[in-house]
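Worksheet: the structure to be examined is printed underneath.
Naming convention: chains lettered A, B, ... in sequence-line order (proteins, then strands); numbering from 1 in each chain. When reading the values below, keep in mind they use all heavy atoms of this one structure, side chains included, and skip hydrogens, waters and symmetry mates.
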Amino acid sequence: MDITKIIDPLNDAQRQAVTAPSTATLVLAGAGSGKTRVLVHRIAWQIQVLGLSPHNILAVTFTNKAAKEMRGRIEELLNIPTYSMWIGTFHGIAHRLLRRHAQQAKLPESFQVMDSSDQLRVIKRLLNTLQLDEAKWPPKQVQWHINGQKDEGIRAKHTREGHDPYQRQMLAIYRAYEDFCERSGMVDFGELLLRAHELLRDDPELLAFYQQRFLQIHVDEFQDTNTIQYAWLRLLSTDKDNLFVVGDDDQSIYGWRGAKIENLYSFQKQHPQHLLIKLEQNYRSTSTILKAANSIIAQNDGRIGKELWTDSGDGEAISVYSAFNELDEAYFVVERIRAWVNQGGARSDVAILYRSNAQSRQFEEKLMATNTPYRVYGGLRFFDRAEIKNAMAYLRLMSNHGDDASFERVVNTPTRGIGASTLEIVRQVAREQGVSLWVASASLIDQGRLSARASNALKTFLQLVLRLAEQAEALELFEKVKLVVESSGLLAFYKQDKVDKGEEKAENLEELVNAAKLFDANQENPDSLPELDLFLAYAALESGDMQADDFEDCVQLMTLHSAKGLEFKLVFMVGVEEGLFPSQQSVDDIGRLEEERRLCYVGITRAMQQLCVTYSESRRLYGRESYPKPSRFLKEIPAELIQEVRIRAHVSRPAAVSAYKPERLTSSTSSYKLGQRVSHEKFGEGIILQLEGDGAQERVQINFKQVGVKWLMLSYAKLQVMAG
DNA sequence: TTGTTCCAGCTTTTT
DNA sequence: GCTGGAACAA
């Protein structure tokens, strides 16, 4: 047995963690301190030295990427297959449990997973049926409320009807939403976790089964767990003290989406005998960078406390550049990158990190202007694209006719003459009879309660889906997808669409067939569940990773949040200004301010060799010129670590932007005049306010007595000149 | 069905 | 000040 491979590459603290006895263990892992290595080697140790079967191990992460990496590294280290080991995201594992035990979880066998945009659509439709004004009940806010409740493990039935009208209405919406999901077999992300928790909690036999199976439970990024996730972990580990959690309270940056840093403290309280191991030796950054990071994070209260150190050298000072404006800032950064590349540095070792996505633009422009390849992270992922979602909706509908959200999505995509009024009737019947849109449509057709045209169109649609389902039955997964893409009419629809990037969309649809092929090849499916349902869930749960296309040597642009877990030799932290970073919305609340500070800590510790911080003396924000102060975080870096860049890379005081605005030209050919009284057959009497355009394009703005101000095309509107 | 105008909103993001 | 979505005119 070769344990040197497992033990030798570790430092003392890491080794202590890896070889720790099976007891509640908290590994406080600073940035760049080898956190993943500890998890991987710990699992390897348990298998190779303690003789555990991979079958007995559970490892939970937050992202698919992290899960994949962990599995890969374990396989590499041990050279054994790991398919029997449960490694995955909280959501992925919850999903697996629910699929396995759909019946006990009171879910239909082919329940569907909704992603957040699906969820938002459902909520919008729900508000509509409840006849609530979206302005008063913003769908986003409703979504936030519902997800918040689920994260806390609260269902509608747990909430007492209070007196606060707002709360009462929210509760009513939540209840209606739950009903809808129940009826149509839809499960959102929060529901996956909540349902999985309830499943184990309410079924002692099942719980005992999994408790006996998972002898060791490992949790990555524990500071990001929310209430229900931690509750779920505790259920599984009851009486066993077999939780091995790794996290860093200083890198908790997701409080705003329900992460409870308190879970770290509760863990310590609930396991008084727990083992606490701090990983403080950093293998990533220079001592200068670490000193800056330590000094900033020290400003926060209530930390468990640790200090990063390294035995590598001081390295270069931190450059701070005060830009004249945001263009100058971009210019400076791009110049620096050019110098780096000229000295033989790789572009992919360089990252530009910003607080908000909107900041990427000026950097993109400058990079483009200098022909520097770059890649912006974030944005639409493959499975989030409308054309992909449409294809998936057909597949879902084939698998589950009760999926109203998918029904709505594709009933008239591509257009087949099923208009809003027909749909409204269908919805109404569905509501009255408490059935799905599918069933309502079928009965409406049977009873001949629709116009012949609407009835036929609807019938064509239902038959299309039925036919697809029938034809797909015997096919391989990728053939099913191919069938749907081609026979639904989607592909043809996008191919003929010349204006709206239709070609690209058609290509994406073809790519979807490939994705299905790949999925099929990689899928283990130990529980032999329907592959189509698994693929659909995969699309919702793992929407990223499809865009890892070009391997070109690129500069990396991303938000500070998405940089977590990554490292770069040269890091630019830009826009480090009060109001931007920390964000204006966070400065009045100490808790949120501290989270911003942790974000700053995360940003700084991404840098391996060189860190460059920039701020601008003036910045255009929401269309207004602002003159922000340098961020307070800058002052928290000891001055001796900083080298201010004095020279202006480029004095780019912009020439005063011309105030010229083309005025709306008054049409000379018109027979109408300003102030002219006219009358319109539909809108009645009014007075001309403005004229523009010529000939067929000529338009007039008219203030109508009855209906107010409107723009009308003169060539269409039949206006009568009135005396007056 | 399509093209235009209007209007709110505006941190961070994974699953 | 820009952008995406809703509302509206044709």
Which is true for A/Phe62 with a 4.0 Å heavy-atom rule: it touches a base, it touches only sugar-phosphate, or it touches nothing? sugar-phosphate

Distance-only donor-acceptor test, A/Arg381 side-chain atoms vs B/dT14 base atoms, 3.5 Å: no

From B/dT15, B/dT11, B/dT14, nucleotide with atom closest to A/Ser116 side chain: B/dT15

In Å, rounded to the nearest 0.5 Å, how long is the span from CD of A/Glu329 to CD of A/Gln362? 6.0 Å

Quick one: is B/dT14 close enough that its OP1 or OP2 comes under 4.0 Å of any side-chain N or O from A/Thr63? no

Where the chi angle of B/dT12 falls, syn if within 90° of 0 and anti if not: anti

With a 4.0 Å cut-off on heavy atoms, is A/Thr415 in touch with a base, just the backbone sugar-phosphate, or nothing at all? sugar-phosphate

Does any N or O donor sit under 3.5 Å from an N or O acceptor when you compare the side chain of A/Thr559 with the base of B/dT13? no

Atom CG of A/Asp588 and atom C1' of B/dT11: how far apart are they, to the nearest Å? 15 Å

Is A/Trp256 stacked against the base of B/dT12, taking the criterion as centroid distance under 5.5 angstrom and interplanar angle under 30°? yes

Counting heavy atoms from C-beta on, name the nucleotide in B/dT1, B/dT12, B/dT15 closest to the side chain of A/Asn412. B/dT1

Which one, B/dT13, C/dG1, B/dT11, comes nearest to the side chain of A/Ser586? B/dT11

Between C1' of C/dC2 and CD of A/Glu365, the distance in whole Å: 13 Å

A/Gly190 or A/Glu596: which one's nearest nucleotide on DNA chain B is closer to the 5' end? A/Glu596

Counting only side-chain heavy atoms from C-beta out, which of B/dT11, B/dT15, B/dT12 sits nearest to A/Thr89? B/dT15

Face-on cation placement of A/Arg375 at A/Tyr377 ring, 6.0 Å and 45° thresholds: yes

Any cation-pi pair here, A/Arg592 with A/Trp256, using under 6.0 Å and within 45°? no

Among C/dC2, B/dT12, B/dT14, which nucleotide has an atom closest to any side-chain atom of A/Arg361? C/dC2

Inspect the contact between A/Asp224 and A/Arg257 and indicate whether a charged nitrogen and a carboxylate oxygen are less than 4.0 angstrom apart. no

Categorize A/Arg624 for me: base, sugar-phosphate, or nothing, with a 4.0 angstrom heavy-atom threshold over every strand shown. nothing

Aromatic contact, A/Phe222 with A/Tyr230 (centres under 6.0 Å): yes

Does any residue of residues 137-154 of chain A have a heavy atom under 4.0 Å from DNA chain B, and if so, which ones, in number order? none

I'd like to know if A/Lys68 pairs up with A/Glu542 as an ion pair, taking the criterion as any Lys NZ or Arg NE/NH1/NH2 lying under 4.0 Å from an Asp or Glu carboxylate oxygen. yes

Between A/Glu578 and A/Arg632, is there a salt bridge with N-O shorter than 4.0 Å? yes

Round to a whole Å and report the spacing from CD of A/Gln585 to C1' of B/dC10. 8 Å

Which whole-number value in Å describes the distance from A/Leu536 CG to B/dT15 C1'? 16 Å

Could you tell me how far C/dG4 sits from B/dT11 if I compare only their P atoms? Round to whole Å. 15 Å

Using OP1 and OP2 only, check whether a side-chain N or O of A/Lys124 sits under 4.0 Å from C/dA6. yes

Strictly below 4.0 Å, N to O, side chains only: are A/Glu595 and A/Arg598 in salt-bridge contact? yes

Euclidean distance, atom CZ of residue A/Arg257 to atom P of B/dT14 [Å, nearest integer]: 7 Å

Is there a side-chain polar atom (N or O) of A/Arg620 under 4.0 Å from OP1 or OP2 of C/dG1? yes

Whole-angstrom distance between B/dT12 and C/dG5, as gauged at atom P: 16 Å

Length of the CG-P vector between A/Asp118 and B/dT14, whole Å: 17 Å

Taking for each residue the nucleotide of DNA chain B bearing the nearest heavy atom, is the 5' side occupied by A/Leu599 or by A/Phe90? A/Leu599

Between CD of A/Gln362 and P of C/dC2 the distance, given in whole Å, is 13 Å

Find the distance A/Asn357:CG to B/dT13:P and express it as a whole number of Å. 5 Å

For B/dT14, does either OP1 or OP2 sit under 4.0 Å from a side-chain N or O belonging to A/Asn64? no

Using a cut-off of strictly less than 4.0 Å, decide whether A/Tyr622 has a side-chain nitrogen or oxygen near OP1 or OP2 of B/dT11. yes

Start with the C-alpha distance between A/Thr89 and A/His95, add both sets of side-chain angles, then the distance that settles side chain to side chain contact (heavy atoms under 4.5 Å, CB included), and finish with yes or no. CA-CA 10 Å; A/Thr89 62; A/His95 174 248; over 6 Å; no

Considering only B/dT12, B/dT15, C/dG1, which nucleotide approaches the side chain of A/His91 most closely? B/dT15

